[in-house]
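All remarks here apply to the structure that follows.
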Amino acid sequence: MAELKPGSRWASQVCTTEVIVVRSPGGDVDLECGGSTMVPPGEGGPNGSPDAAASEGSQLGKRYVDGDDALEILCTKPGDGSLGVGGTLLGLKEAKPLPASD
Amino acid sequence: MMLLEMAAGGFADRVAVGTRDSGLTFAELFERSGAIAGRLRSVDAGHLVLADVSSEALPALLFGASWAGVPFVPLNYRLADAELRTLAGRVSPALAVAEPGAAGRLDGIDGVETVDRAVLWAELATALSADHDWAFDGEDVAVLLFTSGTTGDPKAAVLRQRHLVSYILGSVEFGSAGEEEAALVSVPPYHVAGIAAVLSNAFAGRRLLQLPTFEPNAWIDLVRAEGVTSAMVVPTMLARIVEHLDAEGPGSPGLPTLRALSYGGGRMPQPVVERALELLPDTRFVNAYGLTETSSTVALLGPDEHRAAVASDDPAVRRRLASAGRPMPGIEVSIRDEAGAEAPVGEAGDIWLRGEQVSGEYREQGSRLTDDGWFPTNDGGWLDDEGYLFVTGRIDDVIVKGGQNISPGEIEEVLLRHPAVADAAAIGLPDHEWGERIVVAVATHAGVEASAEELCALVRRELRSNRTPDHVEFVDDLPYGDTGKLLRRVLREQLAHLGDA
């Protein structure tokens with residue numbers, strides 16, 4: 001469990017996934033990847049492999065949100081583990097295509 | 001920086017900047033940016049100043065500064081030496097990168113080390129440091145942009161990492177560009193759109209092409225030679241591109257690769273857009289409205305809205321071609337009266353903006369945001385009943401005649417509909433009786449004429465009679481700055497003799 005400050009970076013302990021926090025509900029959140037708690041980059045892993053229940057993988061550049069959109073994270077490095085919070089997998093945020101303006 | 005690392009991870013071998021054959025790949029851009037970060041750290045530079053045109057080094061300099069946690073400060077290289085040196089001195093200590101051959105312009109400023117861009121670039125190619133250590137702090141200042149400022153010293157607008165990252169994440173889907181896509185940028189690095197273009201296109205995975213000095217033939221040639229798929233221009237550029245395409249006649253090959261063309265950064269004469277839509281039937285047009293202080297675009301009129309407006313018989317829908325479209329996701333727009341109260345739909349007032357990409361902060365003057373996060377832009381405008389935003393111009397430019405506030409933009413819009421009128425500007429000049437009188441400067445197309453009476457009658461018919469110009473002055477052309485902004489202050493000086501002393 002850790003406080004997820006917007007802009008903070010987290011790494012999976014069981015795969016190559018790394019994320020950055022875009023929006024956070026505040027307070028302690030148990031951010032997981034592949035079923036294991038995520039840690040600051042360079043502080044553990046990757047060792048082992050993701051849980052079978054959390055092995056769909058993460059996709060580079062995609063944003064993931066919890067049920068009520070209070071938490072939003074951006075995948076900055078992809079891996080084999082799925083992202084979740086407290087045992088529940090996060091959903092992929094729908095992209096709203098916008099025409100390029102610059 | 002995070003954006004670039006993702007791009008380098010996602011499409012390392014794609015060309016990030018330059019021509020198809022000899023451009024820099026995303027992997028190479030990443031290495032060069034790291035090397036620039038190492039250089040900045042080694043000299044303990046507090047800022048990275050750029051006094052240079054757009055070049056292949058620009059993305060690496062922007063990302064390298066961010067990597068080292070140092071603000072990137074692009075300056076207007078067209079300023080006179082004394083002004084340029086004053087601005088560089090304001091952000092000392094700094095490493096200043098100068099246009100090749102022009103490093104002498106910034107020599108001898110206390111705390112500023114100057115390096116020639118070509119020399120720096122050659123060094124980086126051979127002496128790459130592998131310093132891949134970076135941190136992300138949303139509060140770090142990413143970019144300082146000096147706003148032109150019509151009065152007093154230029155103010156330095158502060159854009160923090162969180163503003164730019166919010167803008168990119170809110171408007172660009174990572175890796176959304178196809179491998180064949182290329183974006184042509186012809187605005188300079190000291191324009192917020194020049195910065196936004198580097199970030200947006202890198203995050204989308206789109207190759208960036210640069211035209212350091214805009215010239216319509218060179219622009220058209222580059223689009224054709226490099227298969228450019230999208231481009232951003234300021235209104236004066238589009239007007240000249242349209243002129244050149246027109247001059248090619250019916251045999252013109254057009255611009256078949258150009259899928260998207262966005263314009264913004266000033267008022268756009270409606271006839272130019274209409275003609276551009278005809279000449280480029282397969283191109284998707286976007287009108288973007290934004291300010292330096294809002295990390296570029298906050299509202300846009302999309303491609304389908306352009307075509308719908310042109311095709312409509314309903315004047316309210318057709319008029320939207322002159323609008324800035326609707327707010328981007330995450331941006332709130334509110335029109336306020338002079339007391340700061342929300343104005344009713346359809347009524348003009350000050351445009352206030354709120355959103356995560358909105359900075360509204362200046363280096364010396366601090367934040368201009370209200371307690372509840374609104375940024376009063378000082379741009380006048382109004383919203384129609386479907387939320388389309390019409391921008392009428394700077395509040396400071398409003399003409400006050402006999403106690404009535406008159407927006408120059410609405411008079412200009414009407415004048416530009418006259419077939420003989422190529423360009424028009426309305427200004428207020430001192431008047432003993434009315435406070436200010438309405439003077440319009442009009443440039444006509446070559447070989448056609450319009451009488452002052454005829455133009456005044458047109459305005460009287462389309463708008464209220466108190467909008468009728470008191471004087472029409474015919475001129476060869478109007479004064480523009482190099483990023484396409486009409487210089488009303490210069491025009492007021494040129495026409496000062498037409499006002500009461």
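Every chain is numbered from 1 and lettered A, B, ... according to where its sequence line falls, protein lines coming before strand lines.
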**OP:** Counting only heavy atoms closer than 4.5 Å, note whether B:Ser296 contacts chain A via side chain, backbone, both or neither.
**Re:** side chain

Original post:
When only pairs under 4.5 Å are counted, which of B:Ala288, B:Gly264, B:Ala197 shares the most heavy-atom pairs with chain A?
Top reply: B:Ala197

Original post:
If we ignore angles and hydrogens, is there a donor and acceptor under 3.5 Å between the side chains of B:Glu356 and B:Tyr167?
Top reply: no

**OP:** Go through the atoms of B:Ala183 and report whether side chain, backbone, both or neither lie under 4.5 Å from a heavy atom of chain A.
**Re:** neither

Original post:
Between the side chain of A:Arg63 and the main-chain N/O of B:Leu169, is any donor-acceptor distance below 3.5 Å?
Top reply: yes

Original post:
Is it the backbone or the side chain of B:Leu199 that comes under 4.5 Å from a heavy atom of chain A, or both, or neither?
Top reply: neither

Original post:
Is B:Thr229 reaching over with its side chain to a backbone N or O of B:Glu181, donor-acceptor style, under 3.5 angstrom?
Top reply: no

Subject >> A:Lys5 versus chain B, the contacting section by heavy-atom distance below 4.5 Å >> reply: neither

Original post:
Given that the side chain runs from C-beta out, which part of B:Asn201 has a heavy atom under 4.5 Å from chain A: side chain, backbone, both or neither?
Top reply: side chain

**OP:** Among the options B:Glu173, B:Arg206, B:Arg162, pick out the one with the most heavy-atom pairs lying under 4.5 Å from chain A.
**Re:** B:Glu173

**OP:** Using a cut-off of under 4.5 Å on heavy-atom pairs, state which of B:Met2, B:Met6, B:Met232 scores highest against chain A.
**Re:** B:Met6

Original post:
Relative to the ring of B:Phe174, is the ring of B:Phe11 parallel (under 30°), tilted (30 to 60°) or perpendicular (over 60°)?
Top reply: parallel

Subject >> chain B contact via A:Leu60 - which portion, at a heavy-atom distance below 4.5 Å >> reply: both

Subject >> chain A contact via B:Val286 - which portion, at a heavy-atom distance below 4.5 Å >> reply: side chain

Original post:
B:Arg207 and salt bridge (charged side-chain N to carboxylate O under 4.0 Å, His left out): which partner among B:Glu180, B:Glu179, B:Glu226?
Top reply: B:Glu226

**OP:** Measure up the B:Trp67 and B:Phe30 rings against each other and bin them: parallel (under 30°), tilted (30 to 60°), perpendicular (over 60°).
**Re:** tilted

**OP:** Say whether B:Ser262 and A:Ser101, considering side chains only, have a donor N or O and an acceptor N or O under 3.5 Å apart.
**Re:** no

